[in-house]
Amino acid sequence: MVGFTFVHTSDLHLGSGFGTMPEELRGRLIEARHEVLSRLVQAARNHGARHILVAGDTFDTTGPSDGVRRQAATEMSADGDVHWWIIPGNHDSLAAEELWRLFGEEAGPNVHVLREAEPVEVEAGVWVLPSPWPRQFPGQDLTAWMPEAETPENALRIGLAHGGITDFGDDYDASTLIPPNRAESAQLDYLALGDWHGVVDVNPRTQFSGTPERDSYRHEGRGSCHVVTIAGSGAVPSIKRVEIGRFYWSAKKLSLTPNMDVVGAFEALLDPETAQRRDQLLRIEAQGYLHMEERAALEDAAAKVAPDFGRFVLLDDELATEYQAGDLDLIATGGALRVAAEELQVEAEGQGVSEHDARVAQAALNRLWSLVREG
(Lines give C-alpha, C1' and ligand atoms only; values in the text may rest on other atoms or scores of the structure.)
Protein backbone atom coordinates (compact mmCIF):
# COMPACT_ATOMS: atom_id res chain seq x y z
CA MET A 1 0.00 0.00 0.00
CA VAL A 2 1.38 3.40 -1.02
CA GLY A 3 -0.34 5.76 1.37
CA PHE A 4 -4.01 6.13 2.18
CA THR A 5 -5.99 9.36 1.90
CA PHE A 6 -9.46 9.90 3.31
CA VAL A 7 -11.83 12.63 4.46
CA HIS A 8 -12.65 12.95 8.15
CA THR A 9 -15.88 14.76 9.03
CA SER A 10 -18.52 14.70 11.75
CA ASP A 11 -21.63 16.35 13.15
CA LEU A 12 -23.51 17.00 9.93
CA HIS A 13 -26.75 17.26 11.95
CA LEU A 14 -28.93 16.89 8.89
CA GLY A 15 -32.47 17.99 9.66
CA SER A 16 -31.52 20.65 12.19
CA GLY A 17 -34.37 23.14 12.17
CA PHE A 18 -32.61 26.35 13.34
CA GLY A 19 -35.81 27.31 15.11
CA THR A 20 -34.33 30.42 16.74
CA MET A 21 -33.37 31.97 13.41
CA PRO A 22 -35.54 34.29 11.29
CA GLU A 23 -37.72 32.37 8.86
CA GLU A 24 -36.08 33.83 5.74
CA LEU A 25 -32.69 32.57 6.92
CA ARG A 26 -33.82 29.28 8.39
CA GLY A 27 -34.44 27.62 5.05
CA ARG A 28 -31.04 28.67 3.72
CA LEU A 29 -29.27 27.21 6.76
CA ILE A 30 -31.16 23.92 6.45
CA GLU A 31 -30.37 23.63 2.76
CA ALA A 32 -26.68 24.42 3.36
CA ARG A 33 -26.45 21.40 5.65
CA HIS A 34 -27.73 19.14 2.90
CA GLU A 35 -25.48 20.74 0.29
CA VAL A 36 -22.41 19.93 2.39
CA LEU A 37 -22.79 16.27 1.38
CA SER A 38 -21.82 17.06 -2.21
CA ARG A 39 -19.06 19.37 -0.98
CA LEU A 40 -17.57 16.55 1.06
CA VAL A 41 -17.55 14.32 -2.01
CA GLN A 42 -15.91 17.09 -4.04
CA ALA A 43 -13.26 17.57 -1.35
CA ALA A 44 -12.56 13.84 -1.48
CA ARG A 45 -12.25 13.86 -5.27
CA ASN A 46 -10.06 16.98 -5.26
CA HIS A 47 -7.57 15.21 -3.02
CA GLY A 48 -7.66 11.74 -4.52
CA ALA A 49 -9.66 10.20 -1.65
CA ARG A 50 -12.24 7.46 -2.04
CA HIS A 51 -13.43 7.27 1.55
CA ILE A 52 -15.31 9.66 3.86
CA LEU A 53 -15.37 8.81 7.57
CA VAL A 54 -18.25 10.36 9.52
CA ALA A 55 -17.56 10.47 13.27
CA GLY A 56 -21.15 10.59 14.50
CA ASP A 57 -24.30 12.71 14.40
CA THR A 58 -25.07 12.47 10.71
CA PHE A 59 -28.64 13.36 11.68
CA ASP A 60 -29.76 15.91 14.22
CA THR A 61 -32.33 13.61 15.83
CA THR A 62 -33.32 9.97 15.93
CA GLY A 63 -36.42 10.86 13.90
CA PRO A 64 -35.55 13.07 10.93
CA SER A 65 -38.25 13.58 8.35
CA ASP A 66 -38.58 11.07 5.52
CA GLY A 67 -37.33 13.75 3.13
CA VAL A 68 -34.20 14.55 5.12
CA ARG A 69 -33.32 10.87 5.51
CA ARG A 70 -34.01 9.77 1.96
CA GLN A 71 -32.39 12.78 0.32
CA ALA A 72 -29.26 12.21 2.41
CA ALA A 73 -29.15 8.57 1.32
CA THR A 74 -29.65 9.60 -2.30
CA GLU A 75 -26.91 12.23 -2.22
CA MET A 76 -24.40 9.95 -0.52
CA SER A 77 -25.13 7.20 -3.03
CA ALA A 78 -24.79 9.45 -6.09
CA ASP A 79 -21.06 8.85 -6.53
CA GLY A 80 -20.51 5.13 -6.12
CA ASP A 81 -16.72 5.51 -6.21
CA VAL A 82 -16.70 7.41 -2.92
CA HIS A 83 -17.47 5.31 0.14
CA TRP A 84 -19.08 6.68 3.30
CA TRP A 85 -18.27 5.03 6.65
CA ILE A 86 -20.74 6.25 9.28
CA ILE A 87 -21.05 5.71 13.01
CA PRO A 88 -24.18 6.81 14.87
CA GLY A 89 -23.54 9.40 17.60
CA ASN A 90 -25.45 10.62 20.62
CA HIS A 91 -28.01 12.51 18.49
CA ASP A 92 -28.73 9.58 16.15
CA SER A 93 -27.72 6.52 18.15
CA LEU A 94 -28.41 2.92 17.20
CA ALA A 95 -31.46 3.07 19.45
CA ALA A 96 -33.10 4.70 16.40
CA GLU A 97 -33.58 1.31 14.80
CA GLU A 98 -36.18 2.49 12.28
CA LEU A 99 -34.00 5.39 11.13
CA TRP A 100 -31.00 3.21 10.36
CA ARG A 101 -33.10 0.40 8.88
CA LEU A 102 -34.76 2.73 6.39
CA PHE A 103 -31.55 4.62 5.68
CA GLY A 104 -29.77 1.34 4.97
CA GLU A 105 -32.51 0.31 2.54
CA GLU A 106 -32.44 3.65 0.73
CA ALA A 107 -28.66 4.09 0.49
CA GLY A 108 -26.42 2.51 -2.12
CA PRO A 109 -23.69 -0.10 -1.56
CA ASN A 110 -21.08 2.65 -1.10
CA VAL A 111 -22.76 3.87 2.10
CA HIS A 112 -21.82 1.86 5.20
CA VAL A 113 -23.39 2.27 8.64
CA LEU A 114 -21.00 0.73 11.17
CA ARG A 115 -23.15 -0.83 13.86
CA GLU A 116 -20.62 -2.98 15.70
CA ALA A 117 -17.49 -2.17 17.69
CA GLU A 118 -15.21 -4.37 15.62
CA PRO A 119 -12.49 -3.74 13.01
CA VAL A 120 -13.67 -3.28 9.43
CA GLU A 121 -11.35 -3.47 6.43
CA VAL A 122 -12.29 -0.55 4.18
CA GLU A 123 -9.48 -1.08 1.70
CA ALA A 124 -6.67 -3.59 1.43
CA GLY A 125 -4.47 -3.10 4.49
CA VAL A 126 -6.66 -0.36 5.98
CA TRP A 127 -8.83 -1.12 8.99
CA VAL A 128 -11.32 1.20 10.67
CA LEU A 129 -12.07 0.64 14.35
CA PRO A 130 -15.56 2.16 14.88
CA SER A 131 -17.27 3.00 18.15
CA PRO A 132 -20.95 3.57 17.35
CA TRP A 133 -23.25 4.86 20.10
CA PRO A 134 -25.76 2.16 21.11
CA ARG A 135 -27.96 4.75 22.84
CA GLN A 136 -27.89 8.42 23.77
CA PHE A 137 -26.34 7.86 27.20
CA PRO A 138 -24.12 4.76 27.04
CA GLY A 139 -22.43 5.54 30.37
CA GLN A 140 -18.98 4.35 29.32
CA ASP A 141 -15.97 5.11 27.15
CA LEU A 142 -16.96 3.49 23.85
CA THR A 143 -13.34 3.34 22.65
CA ALA A 144 -12.20 1.14 25.54
CA TRP A 145 -12.25 -1.94 23.30
CA MET A 146 -9.75 -0.56 20.79
CA PRO A 147 -6.45 -1.46 22.52
CA GLU A 148 -7.35 -5.17 22.41
CA ALA A 149 -8.66 -5.13 18.83
CA GLU A 150 -6.61 -7.31 16.49
CA THR A 151 -5.71 -6.34 12.93
CA PRO A 152 -3.12 -7.78 10.55
CA GLU A 153 0.51 -6.85 11.06
CA ASN A 154 1.51 -3.52 9.45
CA ALA A 155 -2.10 -2.69 8.66
CA LEU A 156 -3.29 0.88 9.10
CA ARG A 157 -5.49 1.29 12.18
CA ILE A 158 -7.92 4.22 12.10
CA GLY A 159 -10.21 4.83 15.04
CA LEU A 160 -13.63 6.39 14.44
CA ALA A 161 -15.40 7.67 17.53
CA HIS A 162 -17.79 10.25 18.91
CA GLY A 163 -17.37 11.95 22.26
CA GLY A 164 -15.24 14.37 24.20
CA ILE A 165 -11.77 14.13 25.69
CA THR A 166 -12.84 16.80 28.20
CA ASP A 167 -16.13 17.94 29.68
CA PHE A 168 -17.80 20.14 27.05
CA GLY A 169 -20.39 21.44 29.52
CA ASP A 170 -24.10 21.77 28.68
CA ASP A 171 -25.00 18.65 30.70
CA TYR A 172 -22.29 16.67 28.94
CA ASP A 173 -22.13 12.99 29.91
CA ALA A 174 -18.62 12.80 31.39
CA SER A 175 -18.85 9.00 31.67
CA THR A 176 -18.26 8.76 27.91
CA LEU A 177 -14.98 10.72 27.95
CA ILE A 178 -12.29 9.35 25.66
CA PRO A 179 -8.70 9.29 26.98
CA PRO A 180 -6.57 11.82 25.05
CA ASN A 181 -3.92 9.11 24.60
CA ARG A 182 -6.32 6.58 23.08
CA ALA A 183 -4.48 6.65 19.73
CA GLU A 184 -1.27 5.69 21.52
CA SER A 185 -2.80 3.04 23.79
CA ALA A 186 -4.65 1.39 20.89
CA GLN A 187 -1.75 1.77 18.42
CA LEU A 188 -3.93 3.81 16.10
CA ASP A 189 -2.40 5.60 13.17
CA TYR A 190 -5.21 8.15 13.45
CA LEU A 191 -8.24 8.71 15.68
CA ALA A 192 -11.09 10.55 13.92
CA LEU A 193 -13.33 12.17 16.50
CA GLY A 194 -16.69 13.90 16.41
CA ASP A 195 -19.03 15.63 18.88
CA TRP A 196 -17.25 18.99 19.30
CA HIS A 197 -18.35 21.28 16.46
CA GLY A 198 -15.07 23.15 16.23
CA VAL A 199 -11.68 21.94 15.03
CA VAL A 200 -9.46 20.61 17.82
CA ASP A 201 -5.90 19.41 17.32
CA VAL A 202 -5.59 17.02 20.28
CA ASN A 203 -2.29 15.58 19.09
CA PRO A 204 -0.76 14.62 15.71
CA ARG A 205 -2.85 11.43 15.59
CA THR A 206 -6.06 12.60 17.27
CA GLN A 207 -8.33 15.23 15.76
CA PHE A 208 -11.82 16.70 16.00
CA SER A 209 -12.75 17.73 12.45
CA GLY A 210 -15.60 19.95 13.58
CA THR A 211 -18.86 20.27 11.69
CA PRO A 212 -18.53 20.91 7.94
CA GLU A 213 -21.26 23.55 8.15
CA ARG A 214 -21.10 25.82 11.18
CA ASP A 215 -24.20 26.18 13.32
CA SER A 216 -23.36 28.66 16.09
CA TYR A 217 -21.24 31.68 16.98
CA ARG A 218 -19.18 29.51 19.32
CA HIS A 219 -16.92 28.51 16.45
CA GLU A 220 -15.57 31.26 14.22
CA GLY A 221 -15.56 30.97 10.44
CA ARG A 222 -16.85 28.50 7.90
CA GLY A 223 -17.12 24.76 8.41
CA SER A 224 -14.45 22.42 7.14
CA CYS A 225 -13.32 18.84 6.93
CA HIS A 226 -9.96 17.13 7.38
CA VAL A 227 -8.21 15.48 4.46
CA VAL A 228 -5.87 12.94 6.03
CA THR A 229 -3.04 11.06 4.36
CA ILE A 230 -1.13 8.28 6.11
CA ALA A 231 1.99 7.10 4.27
CA GLY A 232 2.11 3.76 6.06
CA SER A 233 1.74 1.99 9.39
CA GLY A 234 3.30 4.10 12.13
CA ALA A 235 3.75 7.17 9.93
CA VAL A 236 2.60 10.51 11.30
CA PRO A 237 -0.56 11.55 9.42
CA SER A 238 -0.54 14.53 7.10
CA ILE A 239 -3.66 16.56 7.91
CA LYS A 240 -5.09 19.31 5.73
CA ARG A 241 -8.07 21.39 6.84
CA VAL A 242 -10.31 22.07 3.84
CA GLU A 243 -12.95 24.78 4.17
CA ILE A 244 -16.22 23.66 2.59
CA GLY A 245 -18.96 25.40 4.59
CA ARG A 246 -21.23 28.00 3.06
CA PHE A 247 -21.99 30.29 6.00
CA TYR A 248 -19.40 32.27 7.93
CA TRP A 249 -20.27 32.70 11.62
CA SER A 250 -18.53 35.38 13.63
CA ALA A 251 -18.91 37.02 17.05
CA LYS A 252 -16.79 40.13 17.62
CA LYS A 253 -16.35 42.49 20.53
CA LEU A 254 -16.43 46.25 20.07
CA SER A 255 -14.90 48.25 22.94
CA LEU A 256 -16.05 51.85 22.98
CA THR A 257 -15.28 55.05 24.90
CA PRO A 258 -16.61 58.60 24.49
CA ASN A 259 -15.10 60.90 21.89
CA MET A 260 -13.69 58.08 19.76
CA ASP A 261 -14.59 57.44 16.12
CA VAL A 262 -17.48 55.15 16.96
CA VAL A 263 -18.64 54.53 13.39
CA GLY A 264 -15.08 53.96 12.19
CA ALA A 265 -14.44 51.38 14.92
CA PHE A 266 -17.71 49.64 14.05
CA GLU A 267 -17.05 49.56 10.31
CA ALA A 268 -13.55 48.15 10.89
CA LEU A 269 -15.20 44.92 12.06
CA LEU A 270 -17.16 44.45 8.85
CA ASP A 271 -16.12 42.51 5.77
CA PRO A 272 -15.31 45.19 3.17
CA GLU A 273 -16.64 42.90 0.42
CA THR A 274 -20.34 43.59 0.72
CA ALA A 275 -21.15 40.80 -1.75
CA GLN A 276 -19.80 38.29 0.79
CA ARG A 277 -22.06 39.45 3.59
CA ARG A 278 -25.16 37.56 2.47
CA ASP A 279 -23.57 34.32 3.69
CA GLN A 280 -22.29 35.80 6.94
CA LEU A 281 -23.86 35.69 10.38
CA LEU A 282 -22.24 38.45 12.39
CA ARG A 283 -22.83 39.29 16.03
CA ILE A 284 -21.15 42.37 17.46
CA GLU A 285 -21.00 42.71 21.23
CA ALA A 286 -20.58 46.40 22.11
CA GLN A 287 -19.09 47.18 25.50
CA GLY A 288 -17.83 50.24 27.35
CA TYR A 289 -19.74 53.52 27.37
CA LEU A 290 -20.71 56.32 24.99
CA HIS A 291 -22.42 59.67 24.97
CA MET A 292 -26.05 59.63 23.85
CA GLU A 293 -25.40 61.05 20.38
CA GLU A 294 -22.48 58.64 19.85
CA ARG A 295 -24.71 55.74 20.77
CA ALA A 296 -27.26 56.98 18.26
CA ALA A 297 -24.54 57.11 15.58
CA LEU A 298 -23.64 53.48 16.35
CA GLU A 299 -27.26 52.39 16.11
CA ASP A 300 -27.66 54.21 12.80
CA ALA A 301 -24.51 52.59 11.38
CA ALA A 302 -25.72 49.15 12.47
CA ALA A 303 -29.18 49.67 10.97
CA LYS A 304 -27.60 50.77 7.70
CA VAL A 305 -25.54 47.60 7.15
CA ALA A 306 -27.82 44.99 8.76
CA PRO A 307 -29.73 44.15 5.54
CA ASP A 308 -26.45 43.20 3.83
CA PHE A 309 -25.95 40.18 6.09
CA GLY A 310 -27.54 36.77 6.33
CA ARG A 311 -27.99 37.73 9.97
CA PHE A 312 -26.68 40.73 11.87
CA VAL A 313 -27.05 41.27 15.61
CA LEU A 314 -25.77 44.19 17.69
CA LEU A 315 -25.73 43.36 21.38
CA ASP A 316 -25.50 46.42 23.61
CA ASP A 317 -26.30 45.00 27.04
CA GLU A 318 -22.77 45.81 28.19
CA LEU A 319 -22.72 49.27 26.63
CA ALA A 320 -23.47 52.06 29.09
CA THR A 321 -24.45 55.63 28.27
CA GLU A 322 -22.68 58.58 29.82
CA TYR A 323 -25.17 61.44 29.94
CA GLN A 324 -24.14 65.05 29.40
CA ALA A 325 -25.79 68.34 30.18
CA GLY A 326 -28.24 69.03 27.43
CA ASP A 327 -28.82 65.38 26.48
CA LEU A 328 -32.38 65.47 27.75
CA ASP A 329 -33.06 68.43 25.49
CA LEU A 330 -32.61 66.01 22.61
CA ILE A 331 -35.64 64.13 23.92
CA ALA A 332 -37.86 66.98 25.06
CA THR A 333 -37.45 70.48 26.44
CA GLY A 334 -40.57 70.37 28.55
CA GLY A 335 -43.85 68.65 29.33
CA ALA A 336 -44.57 65.14 30.57
CA LEU A 337 -41.97 63.56 28.27
CA ARG A 338 -39.27 65.74 29.78
CA VAL A 339 -40.36 64.83 33.31
CA ALA A 340 -40.24 61.14 32.47
CA ALA A 341 -36.80 61.52 30.91
CA GLU A 342 -35.46 63.32 33.97
CA GLU A 343 -36.75 60.62 36.30
CA LEU A 344 -35.16 57.92 34.14
CA GLN A 345 -31.86 59.78 34.07
CA VAL A 346 -31.72 59.93 37.86
CA GLU A 347 -32.24 56.16 38.06
CA ALA A 348 -29.90 55.47 35.14
CA GLU A 349 -27.11 57.22 37.00
CA GLY A 350 -27.63 54.83 39.90
CA GLN A 351 -29.01 57.30 42.39
CA GLY A 352 -30.86 55.31 45.06
CA VAL A 353 -31.44 52.22 42.93
CA SER A 354 -29.77 48.84 42.42
CA GLU A 355 -27.34 48.20 39.58
CA HIS A 356 -29.98 46.12 37.82
CA ASP A 357 -32.59 48.86 38.09
CA ALA A 358 -30.06 51.42 36.88
CA ARG A 359 -29.47 49.32 33.76
CA VAL A 360 -33.21 48.99 33.19
CA ALA A 361 -33.63 52.76 33.49
CA GLN A 362 -30.71 53.34 31.16
CA ALA A 363 -32.20 50.98 28.58
CA ALA A 364 -35.56 52.74 28.90
CA LEU A 365 -33.96 56.15 28.45
CA ASN A 366 -32.06 54.94 25.41
CA ARG A 367 -35.24 53.50 24.00
CA LEU A 368 -37.06 56.78 24.62
CA TRP A 369 -34.32 58.62 22.77
CA SER A 370 -34.57 56.15 19.86
CA LEU A 371 -38.35 56.57 19.64
CA VAL A 372 -37.99 60.36 19.53
CA ARG A 373 -35.42 60.05 16.75
CA GLU A 374 -37.62 57.67 14.78
CA GLY A 375 -40.55 60.05 15.13
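Residue numbers start at 1 and run along the sequence shown.
Ring planes of W196 and H219: perpendicular class, angle over 60° (limits at 30 and 60°).
Two residues are said to be in side-chain contact when any heavy atoms from C-beta on lie closer than 4.5 Å; H13 and H91 meet this criterion. Residues S250 and Q280 fail the side-chain proximity criterion, which asks for heavy atoms closer than 4.5 Å. In this structure the side chain of S10 never reaches within 4.5 angstrom of the side chain of D195, judged on heavy atoms. Within the 4.5 Å cutoff, the side chain of R278 has heavy atoms near those of the R28 side chain. Two residues are said to be in side-chain contact when any heavy atoms from C-beta on lie closer than 4.5 Å; N110 and D81 fail this criterion. Side-chain contact between N203 and L191 is absent, with no heavy-atom pair separated by less than 4.5 Å.
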Check against side chain to side chain contact (heavy atoms under 4.5 Å, CB included), L188 and R205
CA-CA 8 Å; L188 301 176; R205 298 186 186 277; over 6 Å; no

Before you tell me yes or no, could you show the steps for L319 and L298 under side chain to side chain contact (heavy atoms under 4.5 Å, CB included), namely the whole-Å CA-CA distance, both residues' side-chain angles and the distance that decides it to 0.1 Å?
CA-CA 11 Å; L319 182 63; L298 174 63; 3.9 Å; yes

Is there a side chain to side chain contact (heavy atoms under 4.5 Å, CB included) between F6 and L53? Walk through the geometry before answering.
CA-CA 7 Å; F6 62 96; L53 275 58; 4.1 Å; yes

Could you give me the CA-CA distance, side-chain angles and deciding distance for R33 and E213, then say whether salt bridge (Lys or Arg N to Asp or Glu O under 4.0 Å) is met?
CA-CA 6 Å; R33 300 203 79 77; E213 184 65 52; 5.8 Å; no

Run the side chain to side chain contact (heavy atoms under 4.5 Å, CB included) check on R70 and L102 step by step: do they pass?
CA-CA 8 Å; R70 184 172 299 177; L102 292 171; over 6 Å; no

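Scanning both residues, M146 and L160, for their nearest heavy atoms gives CE-N, 4.1 Å. R246 approaches A32 most closely through the heavy-atom pair CD-CB, 4.1 Å. T143 and P179 make their closest contact through OG1-CD, 4.3 Å (heavy atoms, listed as atom of the first residue, atom of the second, distance). The nearest pair of heavy atoms linking A161 to S131 is CB-CB, 4.2 Å.
At a cut-off of 3.5 Å, with distance as the only test, no side-chain donor of Q207 or H8 sits close to an acceptor on the other residue.
A salt bridge links R101 to E98: one of the charged nitrogens lies within less than 4.0 Å of a carboxylate oxygen. Salt bridge annotation for R222-D279: absent, with no cationic side-chain nitrogen under 4.0 angstrom from a carboxylate oxygen.
At a threshold of 4.5 Å between side-chain heavy atoms, the hydrophobic network of Ile, Leu, Val, Met, Phe, Trp and Tyr places V111 and L40 in one connected group. Under the 4.5 Å side-chain contact rule for hydrophobic residues, L29 and L14 do not share a cluster.
W85 places no side-chain N or O within donor-acceptor distance of the main-chain N or O of V128, the cut-off being under 3.5 Å. The backbone N or O of H83 sits nowhere less than 3.5 Å from a side-chain atom of H51 that would complete a donor-acceptor pair.
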